[in-house]
Amino acid sequence: MTDLSDIPGDPPVTGYACIQSYLRTLDSAPGVYRMLDAQARVLYVGKARNLKARVSNYARPGHSPRIERMIRETARMMFLTTRTETEALLLEQNLIKQLKPKYNVLLRDDKSFPNILVAKDHAFSQIKKHRGAKKEKGTYFGPFASAGAVNRTLNQLQKAFLLRNCTDSVFQSRTRPCLLYQIKRCSAPCVGYISEADYAQSVRDAERFLSGRSTRVQEDLAAQMQVASEAMEFERAAALRDRIRALTQVQGVQGINPRGVPEADVIALHMEGGQACVQVFFIRANQNWGNHDYYPRVGADVDAAEVMEAFLGQFYDNKEPPRQLILSDAIENADLMQQALSEKAGRKVEILVPQRGEKAELVGGALRNARESLARRMAESATQAKLLRGLAEAFALDAPPQRIEVYDNSHIQGTNAVGAMIVAGPDGLMKNQYRKFNIRGEDLTPGDDFGMMKEVLTRRFKRLLKEDPERDKGMWPDLLLIDGGAGQVSAVAQIMAEHGVGDIPMVGVAKGVDRDAGKEEFHRPGARPFALRHNDPVLYFVQRLRDEAHRFAIGTHRAKRAKSVGATPLDDVPGVGATRKRALLAHFGSAKAVSRADLADLKAVDGISDTLAETIYDHFHDRG
């Protein structure tokens with residue numbers, strides 16, 4: 001890969017003349033090109049089998065309005081040559097995701113998907129939800145479209161196969177069965193109620209079911225139920241019946257289970273009014289494991305082939321593709337995309353655009369979902385746009401805000417204090433932009449809300465000034481909403497002035513005199529407080545934003561508090577893990593007693609070596 005950067009040195013002005021100036025230095029190698037504006041912002045990233053031919057195409061008139069606008073803004077170009085066009089395709093999609101160029105089709109929501117993991121690092125395998133890198137030893141099944149889909153499936157699998165979901169440390173510490181055994185969700189291997197061989201058979205049955213061989217599993221269970229019934233073991237027969245029913249329920253929840261499609265992603269695209277929705281259905285082991293919708297950023301004159309190709313490249317950049325991709329619309333470089341995805345997966349990946357049969361029916365179902373999802377989103381967007389216009393009018397803003405940041409704090413008498421920021425915009429709540437702040441200030445008085453808000457906003461604006469000093473990356477808010485009245489607003493205004501960002505509009509939302517929802521007062525720096533009509537939709541909108549910030553702050557605080565409940569000073573001692581911590585607490589009764597113990601007593605604890613005993617003693621006595 002060769003970086004040719006911006007070859008000519010000082011290309012003339014912008015537009016066609018700028019692009020033409022690069023032609024004399026380019027050759028016919030494959031690669032990736034970037035178009036930049038006068039402020040060096042990336043406008044577009046593209047790939048080419050032949051860089052010179054592609055750039056010469058831009059140097060001639062006759063393009064769509066979107067491309068014409070892009071060419072007019074182009075003041076500079078950068079190039080990277082690659083060995084193959086496949087390499088150029090992968091690099092293009094990487095750069096698009098990193099740089100988010102203005103004129104590219106852009107996938108905006110790109111989270112990872114959960115899997116079911118049957119862990120294999122223990123004699124009695126654990127079954128659990130897993131998200132992220134597949135580093136744990138075991139068998140992975142997925143992806144599932146959502147955590148809810150995984151949880152529902154796990155719930156039924158526990159009923160059907162009675163596999164444990166507890167951690168290894170909990171498993172080892174049990175002396176009697178837990179509640180899951182009582183409600184027939186676990187076979188209690190922790191206390192020896194099932195043999196290792198029988199438990200392993202249940203694990204194999206669960207894996208067969210998740211691999212699509214469910215008929216065989218159900219036939220085996222049905223045969224066992226018949227034997228138990230004939231032997232008049234009615235309790236065992238009833239338990240087997242419940243397991244069969246649980247498996248049937250999993251299949252029912254999964255909906256359409258295609259017989260002729262063992263492993264595929266069904267991807268359908270619907271475009272309307274300059275917007276697009278891509279619906280993805282995950283088919284694994286002949287079972288539908290859920291669906292997810294995406295709304296890539298597109299222009300009014302982008303065609304379906306370009307949107308679909310951009311979506312595939314960006315979607316599978318950090319995900320393993322299945323054996324088949326079943327599409328609603330053909331893409332221009334299908335062979336190239338197929339080759340790139342096959343290389344990434346280390347096996348053949350096939351791209352299909354079916355016209356008839358079961359695969360076409362699957363696409364039709366996904367397309368219907370995409371059409372309905374986009375219609376709902378467009379209706380919601382219209383409502384949101386109206387609310388943002390109303391907000392701008394109510395708070396005397398220059399234009400409807402594109403990014404609203406709402407702040408709140410949560411604590412109990414100053415302990416486990418956290419700050420929370422939520423973000424909203426034209427598409428509603430932007431949950432991937434939410435942020436939490438662990439309050440660090442050691443000099444804060446417990447319960448000092450002003451001090452907490454000062455710390456949160458100071459950290460927020462310092463980061464913005466560092467990461468986006470030019471305010472051109474869409475990271476800066478157009479409006480701040482603060483939970484509080486005149487005092488809070490005055491304190492925040494002072495913080496913003498100190499950082500040179502006092503031009504950002506800010507409003508404090510305070511409850512009225514009798515603190516009833518609907519009687520909120522709004523405070524702005526240097527202005528009298530005011531209220532909105534009781535039935536004003538903008539008032540309801542602000543209340544929802546404030547309540548969402550409060551919900552997020554409370555949830556973050558509770559999580560922090562729950563984590564701290566089980567914490568002890570022993571957590572900070574090097575070499576003391578969960579097992580040794582339990583041994584120390586069991587021996588001495590409390591962490592305080594451990595901290596006061598002498599060296600000889602520490603050495604007497606089972607599992608604590610002489611060296612570790614000295615480490616523990618030194619930690620609490622500041623020796624050495």
For residues [X] and [Y], report the shortest heavy-atom separation together with the two atoms involved.
X	Y	answer
M78	L36	CG-CD1, 3.8 Å
Q338	I351	OE1-N, 2.8 Å
L312	I267	CD2-CD1, 3.5 Å
G46	E92	CA-OE2, 3.6 Å
A147	P114	N-CG, 3.8 Å
S211	A285	C-CB, 3.1 Å

Q.
Run F113 and F144 through ring pair (Phe, Tyr, Trp, His ring centres under 6.0 Å) and show every step you take.
A. CA-CA 6 Å; F113 290 99; F144 287 78; over 10 Å; no
Can [X] and [Y] be counted as an ion pair, charged N to O under 4.0 angstrom?
X	Y	result
D37	K102	no
E455	R460	no
E548	R551	yes
E343	K348	no
E405	R435	no
R284	D265	yes
D478	R471	no
D121	K137	no

Is the shortest side-chain heavy-atom distance between [X] and [Y] below 4.5 Å?
X	Y	value
V266	V363	yes
K52	D27	no
L367	Q279	no
L464	P477	yes
I116	L157	yes
Y22	Y33	no
V406	V423	no
M77	R34	no

Value rounded to 0.5 Å, distance of [atom1] in [X] from [atom2] in [Y]:
X	Y	atom1	atom2	answer
L352	K359	CG	NZ	6.5 Å
L429	R544	CG	CZ	9.0 Å
M337	L327	CE	CG	9.5 Å
L341	D317	CG	CG	10.5 Å
C277	R376	SG	CZ	8.5 Å
E73	C18	CD	SG	12.5 Å

Q: Check the pair I326 / F281 against side chain to side chain contact (heavy atoms under 4.5 Å, CB included), numbers first and verdict last.
A: CA-CA 10 Å; I326 303 175; F281 278 75; over 6 Å; no
Q | Partners meeting ring pair (Phe, Tyr, Trp, His ring centres under 6.0 Å) with F311 (sequence neighbours left out) | A | Y294, F315
Whether [X] side chain and [Y] backbone form a donor-acceptor pair below 3.5 Å:
X	Y	result
W476	D468	yes
Q314	L107	yes
R54	K47	yes
Q355	V353	yes
T82	T84	yes
H130	A133	yes
R66	Y103	yes
N104	V45	yes
H63	N57	yes
S328	L269	yes

Quick check on [X]: does its [atom1] atom have over 12 non-hydrogen neighbours (other residues, nucleotides or ligands) under 6.0 Å away?
X	atom1	result
Q433	CD	yes
R347	CZ	yes
Q98	CD	yes
R459	CZ	yes

**Q.** Full working for ring pair (Phe, Tyr, Trp, His ring centres under 6.0 Å) between W289 and F282
**A.** CA-CA 5 Å; W289 282 354; F282 303 99; 9.6 Å; no
**Q.** L23, I19, N50 screened by side-chain contact (heavy atoms from CB on, under 4.5 Å) with S56, the one that passes
**A.** L23
Q: Apply side chain to side chain contact (heavy atoms under 4.5 Å, CB included) to the pair E136 and K128, showing each step before the final yes or no.
A: CA-CA 12 Å; E136 288 189 59; K128 61 182 178 179; 2.9 Å; yes
(Q) Distance alone, cut at 3.5 Å: any donor-acceptor contact between the side chains of N333 and E309? (A) yes
Q. With no hydrogens and no angle check, do the side chains of E320 and Y140 hold a donor and an acceptor under 3.5 Å apart?
A. no
Q: Could you check D293 against Y295 for side chain to side chain donor-acceptor pair (under 3.5 Å), going step by step and ending with a plain yes or no?
A: CA-CA 7 Å; D293 48 359; Y295 302 91; 2.8 Å; yes
Q: Dump the intermediate steps for side chain to side chain contact (heavy atoms under 4.5 Å, CB included) on L362 and V261, then the final yes or no.
A: CA-CA 10 Å; L362 289 171; V261 184; 3.8 Å; yes
Q) Could you walk me through whether N165 and L154 pass the side chain to side chain contact (heavy atoms under 4.5 Å, CB included) check? A) CA-CA 9 Å; N165 67 355; L154 281 174; over 6 Å; no
**Q.** Worked verdict on Y58 versus Q20 for side chain to side chain donor-acceptor pair (under 3.5 Å)
**A.** CA-CA 8 Å; Y58 284 116; Q20 286 168 354; over 6 Å; no
